[in-house]
Protein chains: 2
Amino acid sequence: MTNTPDSHGRAGSGKSPVTLQQIAELAGTSKSTVSRVVSNDPRISRATSDRVWAVMKKHGYRPNVFARALAGGKTGQIGVLTSNISSGFFAEVIRGIDLQTAASQNHLLVSIAHGGDDYARLFNELSLNGQVDGLVLVDPPLDLLGRDLESGHIPLVLCACAVPLEAESWRCVDSVTVDNQRAMHEIVEHLVGTGYRRLVHLAGPSSIYDAGQRKLAFLDAVQRHAGIVADVIENHLIRDDGSRTMRERYSDPDTWPDAIVAFNDSVACGVLADMHRVGRFVAVTGWDNGPETEVLGITSVEMPLTGLGEESARCLFDRIHGKVEQKAMGRTTMLENSLHIRSSSLKA
Amino acid sequence: MTNTPDSHGRAGSGKSPVTLQQIAELAGTSKSTVSRVVSNDPRISRATSDRVWAVMKKHGYRPNVFARALAGGKTGQIGVLTSNISSGFFAEVIRGIDLQTAASQNHLLVSIAHGGDDYARLFNELSLNGQVDGLVLVDPPLDLLGRDLESGHIPLVLCACAVPLEAESWRCVDSVTVDNQRAMHEIVEHLVGTGYRRLVHLAGPSSIYDAGQRKLAFLDAVQRHAGIVADVIENHLIRDDGSRTMRERYSDPDTWPDAIVAFNDSVACGVLADMHRVGRFVAVTGWDNGPETEVLGITSVEMPLTGLGEESARCLFDRIHGKVEQKAMGRTTMLENSLHIRSSSLKA
DNA sequence: CTGTTAGCGCGTTCAC
DNA sequence: GTGAACGCGCTAACAG
């Protein structure tokens with residue numbers, strides 16, 4: 001399938017690309033026929049098809065995406081809107097989406113919201129200007145889901161987030177998320193099973209969907225066990241948040257809990273740093289299974305990031321291609337995490 | 001499916017986007033006038049302009065990107081083609097590019113090559129089908145630069161890579177890269193200054209531009225010092241590569257060098273792991289300054305990833321907007337890294 | 001099976 | 001200053 005240098009040089013050397021019309025003339029046929037050949041219309045005879053393909057190959061014909069979109073109503077582009085999240089998360093999810101879109105000859109339009117109302121602004125633009133056939137909203141700020149969605153929008157899917165039940169206008173939107181509850185239960189079971197009794201969850205910022213889910217799951221999990229003392233401290237996102245809480249809230253090591261369930265790996269690292277400073281062991285778990293967890297032996301949850309992307313794209317295409325009705329109620333897909341138990345949460 | 005002339009294609013709960021034509025009628029004027037208003041044509045009277053703007057605002061008019069591209073020749077889209085690189089790298093570079101493109105109302109079309117000839121295939125497609133106004137090639141496989149580039153292509157810029165001097169057909173392509181040489185020299189100076197004499201560089205795969213640069217820089221740097229024993233071992237990319245080399249090549253700790261300059265942080269971690277297994281200290285440096293380096297105290301090089309993206313986009317826009325002639329010879333911009341010296345490379 | 005005919009929404013000459 | 005007309009490259013009815 002690789003291009004032969006000679007035929008290629010000829011094709012591209014002219015400044016303007018070859019058009020369908022020109023192919024038609026060169027092949028001694030009409031535009032429609034060529035158009036049908038391109039789209040594999042079964043009604044075209046094998047002979048004509050082969051002849052036209054030959055001409056197209058020879059001249060390096062490339063259908064013009066814009067003309068096609070204008071006339072056909074399908075853009076061949078999928079939008080991805082994401083907030084300014086951690087690079088590991090972002091990259092892997094995009095990779096997953098790309099895997100699916102590339103497979104169906106689509107292209108990815110990526111936008112990153114840089115704060116404030118940016119997400120909402122970009123959402124409006126992308127969902128209304130007809131530039132994309134569908135839109136994946138990665139980690140949208142929760143307040144966006146509170147707004148009313150205009151009818152007549154393109155297919156939408158929430159990634160790493162789920163539509164709240166009370167959001168009426170978002171009812172046709174699919175959601176793909178990870179099973180925060182199950183993973184959190186596993187963590188708590190593991191900690192309790194190992195013998196820890198006093199647990200603290202350093203929860204994430206309330207603006208993040210997963211943070212809320214994990215907090216609820218933590219509270220739910222600890223309540224299933226008698227004799228467990230549990231507490232939650234909010235708003236932890238980066239390393240410093242973890243260290244600071246340890247310093248300020250637990251300045252006296254004797255008041256420390258047995259185990260700390262951090263919102264993510266960064267926070268867990270912060271806790272560990274302070275722990276070393278003080279020189280007392282406390283069990284710690286992280287979340288994200290980043291590169292630091294393995295080398296440091298931090299128990300952590302690995303999320304199926306690429307899977308999130310792939311599944312989101314799949315949902316989108318199901319609606320774009322009409323395999324799922326546009327007005328069908330949104331489905332929520334939940335992907336499983338895997339818990340990696342390491343030394344940081346075993347017995348001291 | 002009922003297809004009225006104006007309920008065209010789009011997934012529709014009835015609400016088809018309002019067109020320039022409709023705005024013209026509602027404003028009691030013609031398409032051309034509205035078009036001029038949109039593009040701030042100075043010949044339009046203030047009165048008409050205001051009137052038309054009001055109508056547009058009232059009806060939420062959005063210019064159709066595809067129609068505009070078809071008629072006007074500018075797509076408003078920038079392509080980003082990247083190989084399947086590490087997520088940290090990928091995400092930050094994209095973020096940088098996005099920063100610039102968003103500022104100029106452009107959109108980002110991202111494609112990820114998934115191996116083999118994928119990069120070349122995608123490159124051909126994106127550079128020829130007119131879907132983007134310019135193309136950023138992030139970390140292209142080196143053999144791509146060996147191929148002849150067709151004339152008449154869109155503006156191109158290499159990111160995290162530089163055009164080889166002998167590539168005639170790529171002479172109009174800009175390059176943005178980091179100063180591998182300077183950073184490597186800093187590392188070597190630091191190691192030698194600290195007292196290490198026998199250095200080994202665990203180089204990266206030869207297919208990666210930066211890997212070759214760093215290897216050359218290493219060899220250059222060590223030659224500037226008398227009494228230094230240096231060696232290079234090739235083809236290290238992930239953790240296991242580092243550990244394996246230590247196990248196989250340096251099974252006897254007494255033959256160990258004083259210091260190991262790893263291609264990246266992962267390799268450095270592999271070395272450290274083996275070091276701990278054997279229980280002997282050797283100085284180690286990484287590259288990328290990933291999350292694991294700070295917590296583990298690994299000396300590492302921080303690259304200006306976002307800067308790479310921003311600068312690449314800037315170069316592209318300079319050519320797209322004609323601030324730099326299309327046929328002007330490509331410039332190479334080199335961005336500075338910063339070396340973070342930590343305990344892993346200090347005296348044992 | 002294939003050719004003909006309309007547009008898709010907009011930029012850009014031209015005239016007025 | 002403004003409007004009418006044409007065309008960008010392609011798809012999708014209609015005819016044969």
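Proteins come first, then strands; the chains are lettered A, B, ... in the order of their sequence lines, and each starts at number 1.
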Is there a donor-acceptor contact under 3.5 Å from the side chain of [X] to the main chain of [Y]?
| X | Y | answer |
| --- | --- | --- |
| B:S49 | B:S45 | no |
| A:T82 | A:I112 | no |
| A:D133 | A:K74 | no |

Quickly work out the [X] [atom1] to [N] [atom2] distance and round it to whole Å.
| X | N | atom1 | atom2 | result |
| --- | --- | --- | --- | --- |
| B:F66 | C:dC10 | CZ | C1' | 13 Å |
| A:N40 | D:dT11 | CG | C1' | 15 Å |
| B:Q21 | D:dA5 | CD | P | 12 Å |
| A:D41 | D:dA13 | CG | C1' | 13 Å |
| B:M56 | C:dC10 | CE | C1' | 14 Å |
| B:K31 | D:dG7 | NZ | C1' | 11 Å |
| B:L20 | C:dG9 | CG | P | 11 Å |
| A:R68 | D:dC8 | CZ | P | 18 Å |

* OP1 or OP2 of D:dG3 less than 4.0 angstrom from a side-chain nitrogen or oxygen of B:T33, does that happen here? -> yes
* Asked: Taking only side-chain nitrogens and oxygens of B:S30, does any of them come within less than 4.0 Å of OP1 or OP2 of D:dT2?
  -> no
* So does B:R314 pair up with B:D318, basic N to acidic O under 4.0 Å? -> no
* Structure fact -> Whichever of B:V65 and A:S49 has the more 5' nearest nucleotide on DNA chain C, that residue is A:S49
* Establish whether the base of C:dG3 is bridged to the side chain of A:R36 by a donor-acceptor pair shorter than 3.5 Å. => yes
Would you indicate what [X] reaches in the nucleic acid, counting non-hydrogen atoms under 4.0 angstrom: base, sugar-phosphate, or nothing?
| X | value |
| --- | --- |
| A:S32 | base |
| A:T29 | sugar-phosphate |
| B:T19 | sugar-phosphate |
| B:T48 | sugar-phosphate |

* To do: For residues B:L108 and B:I97, report the shortest heavy-atom separation together with the two atoms involved.
  => CD2-CG2, 3.6 Å
* To do: Would you indicate which nucleotide in D:dG9, C:dT2, D:dT11 comes nearest to any side-chain atom of A:R43?
  => C:dT2
* Out of D:dG9, C:dT2, C:dG3, whichever nucleotide has its closest atom nearest the side chain of A:S45 -> C:dT2
